[in-house]
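Below is one structure, written out as structure tokens, with a few remarks after it.
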Amino acid sequence: EKGTYPFYMLKEIDEQPTVMRRLVQEYQGDNHQVNIDPALVAEFAQSDRIYIVACGTSNNAGWSAKTLIEKLTNIPVEVHLSSEFAYDMPLLSAKPFFIYLSQSGETADSRQVLVTTNKLGHPALTITNVAGSTLSREAKHTLLLYAGPEIAVASTKAYTGQIAVMSILAKAVGEYKQIQAAKEFDVFHELSIVASAMDSLINDKQHIKDLADEFLATTRNAFYIGRSNDYYVSMEAALKLKEISYVQAEGFAAGELKHGTIALIEEGTPVMAIITEEVTGSHTRGNIKEVESRGAKTLVIVTEKLAKPTDQIVLPTVHPLLSSLVSVVPTQLLAYNATIQRGYDVDKPRNLAKSVTVE
Ligand code: M6R
């Protein structure tokens, strides 16, 4: 039930801190250990390459988890679109391990790949919100998101839930492999900090609504830019904006702007930049200057430590491997408010279904 909320999407955005805390409860075992089937952890740890296969927002969650899995487990990660993988399968490594990300567990494009990798005998894990769903039944392993039903077509809490579950799993695998970075990563403590950071952004709704009114109420197009993890969140931020507000939005790697995209910048084009990393932050700042000098109107979403007084949205500090969980929240609220402003049905965008059960 959406209760006093005008739309499910807003309720589901608001639930994200609760989902983070619930995941801590569900996956934290005795003595602070991760409570995940040891057979799953061992199989993952013994693989030489992880293949994440998913569509839409779940695919973006895969990208956002890539670095953290690689850093904590020392296993390379590839992220693939199900609909592409199905017809153009990459050469697989000697010991591949597949992760299927799917809120609904019913996405036909992903299922098609799972059927194939099952036939090839490769181990598979489905990370889903729906116990007993098709992808869950057909994969060898399942981890649940415990996010509660997600009703709005635009996925929000499933994205953050998926990244959080992958961080917990990566911690367990890294510890199993005795990786120093994993031993030092106190995942449950860090996810609690993420939950509080999300709370504070959600409490700042009015500010984000004002920014949506200023930047996105009438524009025809908009761009998100960032580098590495901030680029991956940019892709998700753009998908959210386009699917419900119908603003033509794209997420770009900030460094690629000058290789083509900058040609699209006109007087007043909104460009939202995400900056959570020190190493890439100054380069993205340079790109902000470049687009501003071509007339772009820029909105900066930046982590506390790197913030300048003119930046519009400041993110509370969290562990760098988990930055996406926090930076995505204002972008969800921007998309939501832009859609309200433009007078569309937030929960039921045109031409889209909640779960896509045809290929
Ligand atoms: O249920 P799934 O996670 O497999 O769904 C995948 C996509 O269809 C889904 O994420 C879609 O892109 C959403 N509408 C995005 O908000």
Side-chain angles (χ1 to χ4, degrees), residues 7-13 15-16 19 51-65 79-86 98-115 117 124-139 142-166 224 232-247 249-251 324 328-329 331-336 338-339 344-359:
F7 288 100
Y8 280 106
M9 185 186 178
L10 188 61
K11 174 172 181 270
E12 291 162 4
I13 291 171
E15 283 170 349
Q16 293 177 107
V19 174
Y51 294 82
I52 298 181
V53 181
C55 310
T57 286
S58 292
N59 186 269
N60 291 335
W63 281 108
S64 286
V79 184
H80 292 274
L81 292 166
S82 313
S83 55
E84 287 294 309
F85 196 102
F98 282 82
I99 301 181
Y100 292 89
L101 296 177
S102 179
Q103 188 285 132
S104 63
E106 300 298 341
T107 299
D109 287 319
S110 302
R111 177 173 183 251
Q112 191 194 13
V113 184
L114 174 59
V115 168
T117 58
L125 158 71
T126 291
I127 300 180
T128 181
N129 204 19
V130 184
S133 57
T134 306
L135 285 163
S136 165
R137 282 186 277 111
E138 295 184 357
T142 294
L143 291 175
L144 292 176
L145 299 179
Y146 300 106
E150 193 183 62
I151 310 290
V153 165
S155 182
T156 53
K157 60 182 178 173
Y159 172 85
T160 44
Q162 283 165 341
I163 298 168
V165 168
M166 285 185 278
Y224 275 98
Y232 303 143
V233 174
S234 295
M235 295 196 293
E236 170 57 9
L239 173 58
K240 210 84 314 164
L241 185 59
K242 72 182 125 186
E243 74 174 320
I244 57 173
S245 77
Y246 316 138
V247 171
E250 297 301 334
S324 325
V328 78
V329 174
T331 73
Q332 297 167 339
L333 287 165
L334 285 169
Y336 173 82
T339 309
Y344 298 118
D345 183 336
V346 176
D347 288 341
K348 292 197 184 74
R350 67 190 180 206
N351 310 340
L352 290 173
K354 181 60 182 165
S355 80
V356 184
T357 52
V358 290
E359 280 168 31

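Start at 1 and go down the list; that is how both ligands and their atoms are numbered. No hydrogens, no waters, no symmetry mates; every other heavy atom, side chains included, goes into these values. Note that this is a predicted model, so its numbers are computed, not measured.
- Counting only distance, with no hydrogens or angles, the side chain of Tyr246 and the backbone of Tyr344 share no donor-acceptor pair below 3.5 Å.
- Using a 4.0 Å cutoff on heavy atoms, Ser355 does not count as a contact of ligand 1.
- For atom 13 (C) of ligand 1, the nearest non-hydrogen atom of the protein is Val153 O, 3.7 Å.
- Side-chain contact annotation: Thr117 with Tyr51, donor-acceptor N/O pair under 3.5 Å absent.
- Between Gln162 and ligand 1, no N or O atom pair is found at a separation short of 3.5 Å.
- For the residue pair Ser64 and Tyr159, a side-chain donor N or O sits within less than 3.5 Å of a side-chain acceptor on the partner.
- Not close to ligand 1: Glu106, with no non-hydrogen atom less than 4.0 angstrom away.
- Taking atom 1 (O) of ligand 1 as the reference point, the nearest protein heavy-atom neighbour is Ser104 OG, 2.7 Å.
- Among protein heavy atoms, atom 9 (C) of ligand 1 sits closest to Thr57 N, 4.1 Å.
- Residue contact check for ligand 1: Leu352 places no non-hydrogen atom closer than 4.0 Å to it.
- Taking every non-hydrogen atom of Ser58 and a distance limit under 4.0 Å, the qualifying atoms of ligand 1 come out as 2 (P), 3 (O), 10 (O).
- Against a heavy-atom cut-off of under 4.0 Å, Ala154 is close to the following atoms of ligand 1: 16 (O).
- Screening Glu12, Gln103, Glu150 against Ser155 for a side-chain hydrogen bond (donor to acceptor under 3.5 Å, both in side chains) leaves a single residue, Glu150.
- Note that CD1 of Ile244 and CE of Met9 are 3.5 Å apart. Values are rounded to the nearest 0.5 Å.
- Under the 4.5 Å side-chain criterion, counting only non-hydrogen atoms from C-beta, Tyr100 is in contact with Val113.
- Looking only at protein heavy atoms, the nearest one to atom 16 (O) of ligand 1 is Glu243 OE2, 2.4 Å.
- Among the atoms of Ser155, some N or O lies under 3.5 angstrom from an N or O of ligand 1.
- Counting only heavy atoms of the protein, atom 6 (C) of ligand 1 lies nearest to Cys55 O, 3.4 Å.
- The closest protein non-hydrogen atom to atom 5 (O) of ligand 1 is Thr107 OG1, 3.6 Å.
- A side-chain donor-acceptor contact under 3.5 Å links Gln162 and Ser58.
- Ranking the protein heavy atoms by distance from atom 8 (O) of ligand 1 puts Val356 CG2, 4.1 Å first.
- Residue-ligand proximity, Lys240 to ligand 1, at heavy-atom distances under 4.0 Å covers atoms 15 (C), 16 (O).
- Ring planes of Phe85 and Phe98: perpendicular class, angle over 60° (limits at 30 and 60°).
- Within the listing of ligand 1, atoms 1 (O), 2 (P), 3 (O), 4 (O) sit less than 4.0 angstrom from a heavy atom of Ser102.
- A donor and an acceptor atom, one from each side chain of Ser83 and Glu359, are nowhere located under 3.5 Å apart.
- Heavy-atom contacts from other residues, nucleotides or ligands closer than 6.0 Å to NZ of Lys242 number more than 12.
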